[in-house]
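Mind having a look at this structure? Questions to follow.
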Amino acid sequence: MKVKTNYNRRAFLKVSTAAGGGMMLGFSWLASCTPADTEIAEVAVQQMPDNWFNINAFLKIGDNGLVTIFSPNPEIGQNVKTAMPMIVAEELDVDWKDVIVEQAGLDTEKYTRQVAGGSQSIRQGWQGLRLAGATARHLLLAAAAQQWEVPVGELTTSGGVIHHAASERTIGYGEIASAAAGLEIPAEVELKSPADFKIIGKPQKNVDGLPIVTGKPLFGLDVQHEGMLIAMIVHPPAFGMKLKSADTATIATMPGIRHVTTINAAPEGIEPQWSDVNAFPELVAIVGDSTWEVMQAKKALQAEWEQVSPPESSEQHEAELTRLLQTAPAEPARKDGNPTKAFAGAAQVIERTYTAPFLAHNTLEPMNFFADVTAEKATLEGPIQTPEFLRKSVAALLGMPEEKISVMMTRQGGGFGRRLYGNFGIEAALISKAVGAPVKLVYTREDDMTQGTYRPDYKVTYRAALDANNQLIGFHVRGTGTNGSPVFADRFPAGAVDNYLAENLDKSSNISTGAWRAPRSNFIAGAEQAFLDEVAEVVGKDPIDFRLELFDKAIAKPVGEKNDYEPARYAGVLKLVREKAAWGTDQPGVFRGVSAYYCHNSYVAQVVDVVLEKGRPKVDKVWCAVDCGIVVNPEGAINQIEGGIIDGIGHAMYSALTFKDGKPVQDNFATYRLIRHREAPREIEVFFVENGIDPTGLGEPSLPPISAALANALAKATGERLYTQPFAQQQSVLG
Amino acid sequence: MPVYKLTINGEQRELSVAADTPVLWVLRDHAHLVGTKYGCGIGQCGACTIHLDGVAMRSCSVPISAVGKQKITTIEGLSANGTHPVQEAWLEHDVAQCGYCQAGQIMNAAALLSDNPNPSDTEISAMMNGNICRCGTYTRIHTAIKTAAEKMS
Ligand code: FES
Ligand code: FES
């Protein structure tokens, strides 16, 4: 396949050809090999090259054939730092063991969309990464053809070596790299056929595996620089409050404290961006020599706060969301056929309401950021999912042009959406500027949990109209939540029911909310799939058959035009999981639930097996079928899917953030329950649909449906349907 | 400020810090060993797990004044080049997602296995229940511990 290189051509433009030799020892390179002792020893003695030749923004080649590939996107644990370079290496046609991976910093001249969000890194990076590798390979071939004076078409490559069969000559990439680095890039290049992939589709270990298990400094919290001070913030104790005054003088004399000041991240006259969500822009900042000393001063600070908007509580939220659902008028988000008539004429109407609380992101590495702001420039470094937006906000607040601000992304101890909102990076920059020193801002766990961009609380009511023959003739979904409804009007079962109505109701709040792994889907999938399970039960059908019939209908005679899913692929994952889990062959003592969902361009179907241990239900096994197109790195992909499943089970079962007088009631893991080792499934089996389609999202799609597969299995195990999360608070036997 | 004579990963260190400073922050801020992680500060997540004389401890909850002559081992000192069977098993099963919890998980697992070289599934779950992995790598952690146990026996 020939592809034009004008796609983000900036990335492939010639850069200065020689970079200094032996600059970095790649831990990642060591880790890309299998960990047997002998092999590590062998690799460690292999020499780094004397010279690197920059081929394009994504890679440079060493004179000994080693290749450094820059991973452009933030690594939050979704393993793109392994998968993205694999795609480049595939088209470059080198051995994966000769590849060193390095994290690229923010560079909007060279890269597009350096964002970790929406499960889009691989999907949107796919073409550009392939082109980066293919273009580089083309230049190497052209240079060899010139040197040997043979037509380029007579040359082939494999494992980083160019061959000319007719003259039996070979040359390594490292030997020709310097000549290749001087050539003009071609107008179009050949991409491999997926059938020829050697790296993509083969499991590769995390390139940071070894530095992770040996405790190397990788994360934002590990950043250390000469002269760096530790900074912490104190924010208002409750949503709806702001800083009135703080006694900064008293704590300024405590041991190790250098500065106590206040900052304002939202001064008048500066228009905030979407990523600047922040309920507490005005903060007290404490800066000192060590974390523990600053923590002591933070505890001792006396401050006064004032109420600027009414304090909210979880009880009020519950009442308000209920009122909205029951009585508030709503504009239809989608209407097919005549739902009013269908419900009026129904032989039976099933109605159920589902509720879920606020959730905190709780990345295990709390928010933090390094900043060194001087009159000339600002250097920022840390864990951020949206470096480009952070730079924009910091530029506006510092009154400094973006070119003078650099942002380096560290490895991130989890993201889950929290680090899309870079308030902590902005705060670090403002503090550094205020105190005139490089600082690392560190949130305590309590700061992190009580100053969030939370997953909103949600409530949704489903209604199904059945005719006298138990056919589904009408479907109505009406949802609400803080700062937005969770309903996706065009998703299944829209398109499969003649009379359909979706309605959204919004509730405003002074509690800050934002994207949390698989936004909205993380709640609505569970509600929808639990409801459909109950409808299937009422009409006396197998829950998989019931769904497949709806998909058949959406395939044969889709209702409406903009249905946001492909019913055949949706049905495909359900059929796959049905087969793999041997659905329908009941085993004594095993209680099963099923669920399926489509989001982030990928399809997932799951079966959960619950068993009783001393009378308590426990998830024993999860079967998961996934259609996400080409799987770049099966090892990392399966790990992501397992993680999404455990994350989804954990939050549905145990987690909640509640509010009293505007204050989060839970502020650390003693009160905020996260799933623990004992509660995780014993086994998770993952199956991919092989269809050769370009890759789609993977970091999020396995999470949303699992809460329903779990709820449906629990209903079988306990005889009781659960409508309110966290489930463990509804049924003491689950806690 | 008192001066503490510590043995960290086999090396003698003299550090001057306030007596109530948790070992976690002594390691990270003063000894510049940042492999030991901060997750909660209250003994709930296990990210800060180290060994004191071979016993797994939550370093966020042990003040430096309580260490005395006990030898401190951190993830950096568990082995040379990641060759402890637990670390090798972790690599073999590609356990990490974000990786932030894993130093604590590994230190906890290594202590568990030195006490009980052949733990049952229930024992593994009980011993590892204090270590949170927010990314949900529990199933892999469990399998890796079993592999490490085999390697060690
Ligand atoms: S930081 Fe010590 S247990 Fe969480
Ligand atoms: S791997 Fe991310 S917290 Fe465990």
Side-chain angles (χ1 to χ4, degrees), chain A residues 31 34-37 40 44 76-79 205-206 208-210 212-219 221-222 224 230 255 290-293 362-366 411-416 444-445 635-636 639-640 642-647 650 668-670 674-678 680-684, chain B residues 1 17-18 20-22 25-26 28-30 32-42 44-45 47 74-76 78-79 81-84 86-88 90-92 94-103 106 121 124-126 128-142:
Chain A
T34 49
D37 305 4
I40 283 185
I76 56 175
Q78 83 284 45
N79 211 10
K205 306 254 188 254
N206 188 331
D208 278 341
L210 188 62
I212 287 170
V213 304
T214 50
K216 295 289 178 293
L218 287 172
F219 298 93
L221 211 64
D222 303 342
Q224 300 177 76
I230 299 292
S290 73
T291 313
W292 185 247
E293 286 168 321
N362 286 330
T363 60
L364 201 58
E365 179 194 21
R411 193 176 178 85
Q412 321 196 12
F416 312 108
T444 62
R445 172 58 56 197
E635 182 92 55
N639 204 342
Q640 278 311 296
E642 291 169 354
I645 286 170
I646 293 175
D647 192 357
N668 205 325
F669 299 134
L674 285 172
I675 189 168
R676 288 179 179 272
H677 193 113
R678 189 190 281 143
R682 179 183 56 81
E683 190 184 2
I684 298 171
Chain B
M1 263 190 287
V17 285
D20 63 348
T21 311
W25 297 113
V26 175
R28 292 186 56 87
D29 285 355
H30 303 276
H32 302 294
L33 290 168
V34 295
T36 305
K37 298 300 189 233
Y38 166 71
C40 69
I42 57 165
Q44 283 288 326
C45 76
T74 71
I75 186 74
E76 290 94 338
L78 183 65
S79 72
N81 304 324
T83 48
H84 187 285
V86 171
Q87 290 167 310
E88 289 184 345
W90 246 246
L91 292 174
E92 192 178 322
D94 211 28
V95 171
Q97 284 187 36
C98 83
Y100 192 79
C101 72
Q102 302 297 350
I106 289 169
D121 285 322
I124 295 175
S125 294
M128 297 305 293
N129 216 45
N131 285 72
I132 290 175
C133 174
R134 173 64 182 85
C135 299
T137 63
Y138 296 121
T139 313
R140 279 175 191 245
I141 289 172
H142 200 93

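What's counted below: heavy atoms across the whole structure, side chains too, no hydrogens, waters or symmetry copies. Because the structure is a prediction, the values reported are computed rather than measured. All chains are named by letter (A, B, ...) in the order of the sequence lines, taking the proteins before the strands, and each is independently numbered beginning at 1.
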Heavy-atom distance under 4.5 Å to chain A: side chain of B:H84, backbone, both or neither?
->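 Neither part.
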Between chain B and each of A:E642, A:E683, A:E293, count heavy-atom pairs under 4.5 Å; write down the option with the most.
->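 Most pairs with chain B among the choices: A:E642.
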Residues which pass side chain to side chain contact (heavy atoms under 4.5 Å, CB included) with A:T444, listed by chain and number, not counting sequence neighbours =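 With sequence neighbours excluded, A:T444 shows a side chain to side chain contact (heavy atoms under 4.5 Å, CB included) to A:M232, A:M295, A:K298, A:E446, A:D447, B:Y38, given in chain and number order.
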Candidate pair B:Y138 and A:I684, rule side-chain contact (heavy atoms from CB on, under 4.5 Å), full reasoning = CA-CA 11 Å; B:Y138 296 121; A:I684 298 171; over 6 Å; no
With sequence neighbours excluded, residues passing side chain to side chain contact (heavy atoms under 4.5 Å, CB included) with B:P22 | A:W292, B:W25
Is it the side chain or the backbone of A:R678 that comes within 4.5 Å of chain B heavy atoms, both, or neither?
->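 Both the backbone and the side chain of A:R678 come within 4.5 Å of chain B.
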Would you mind telling me which of A:E635, A:R682, A:Q640 has the largest number of heavy-atom pairs within less than 4.5 Å of chain B?
-> A:E635
Quick check: does any side chain N or O of B:R140 sit under 3.5 Å from a backbone N or O of B:A96, one acting as donor and the other as acceptor?
-> no
What's the verdict on side-chain contact (heavy atoms from CB on, under 4.5 Å) for B:I141 and B:M128, showing C-alpha distance, side-chain angles and the deciding distance?
-> CA-CA 9 Å; B:I141 289 172; B:M128 297 305 293; 4.2 Å; yes
Portion of B:D94 that has a non-hydrogen atom of chain A nearer than 4.5 angstrom |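 Its backbone and side chain both get close to chain A.
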Region of B:I132 that comes under 4.5 Å of a non-hydrogen atom in chain A = both
Which one, B:G136, B:C98, B:A18, leads in non-hydrogen pairs under 4.5 Å with chain A?
->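 Answer, by heavy-atom pair count under 4.5 Å with chain A: B:C98.
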Go through the atoms of B:V26 and report whether side chain, backbone, both or neither lie under 4.5 Å from a heavy atom of chain A.
-> neither
Backbone N/O of A:P217 and side chain of A:R411: donor-acceptor pair under 3.5 Å = no
Under 4.5 Å, counting heavy-atom pairs only, tell me which of B:N129, B:D29, B:T139 racks up the most with chain A.
->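 Option with the greatest count: B:N129.
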Proximity breakdown for B:N131 and chain A, heavy-atom pairs closer than 4.5 Å = backbone
Heavy-atom pair count under 4.5 Å with chain B, highest-scoring of A:D647, A:L674, A:L218, A:D222 |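 So the answer, after comparing A:D647, A:L674, A:L218, A:D222, is A:D222.
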Determine the option with the most heavy-atom pairs under 4.5 angstrom with chain A, choosing from B:C40, B:A126, B:G35.
->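 Most heavy-atom pairs within the cutoff with chain A belong to B:C40.
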Could you tell me whether the side chains of B:Q102 and B:T137 share a donor-acceptor contact shorter than 3.5 Å?
->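 Yes, because at least one side-chain N or O of B:Q102 sits under 3.5 Å from a partner of the opposite role on B:T137.
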Can you say whether A:F219 sits under 4.5 Å from chain B via the side chain, the backbone, both, or neither, judging by heavy atoms?
->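 Interface part for A:F219: side chain.
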Check step by step if side-chain hydrogen bond (donor to acceptor under 3.5 Å, both in side chains) holds for B:Q87 and B:S79.
-> CA-CA 9 Å; B:Q87 290 167 310; B:S79 72; 2.5 Å; yes
Polar side-chain atom of A:E365 near backbone of A:L221 as donor-acceptor pair, under 3.5 Å =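 Checking the backbone N and O of A:L221 against the side chain of A:E365, a donor-acceptor pair under 3.5 Å is found.
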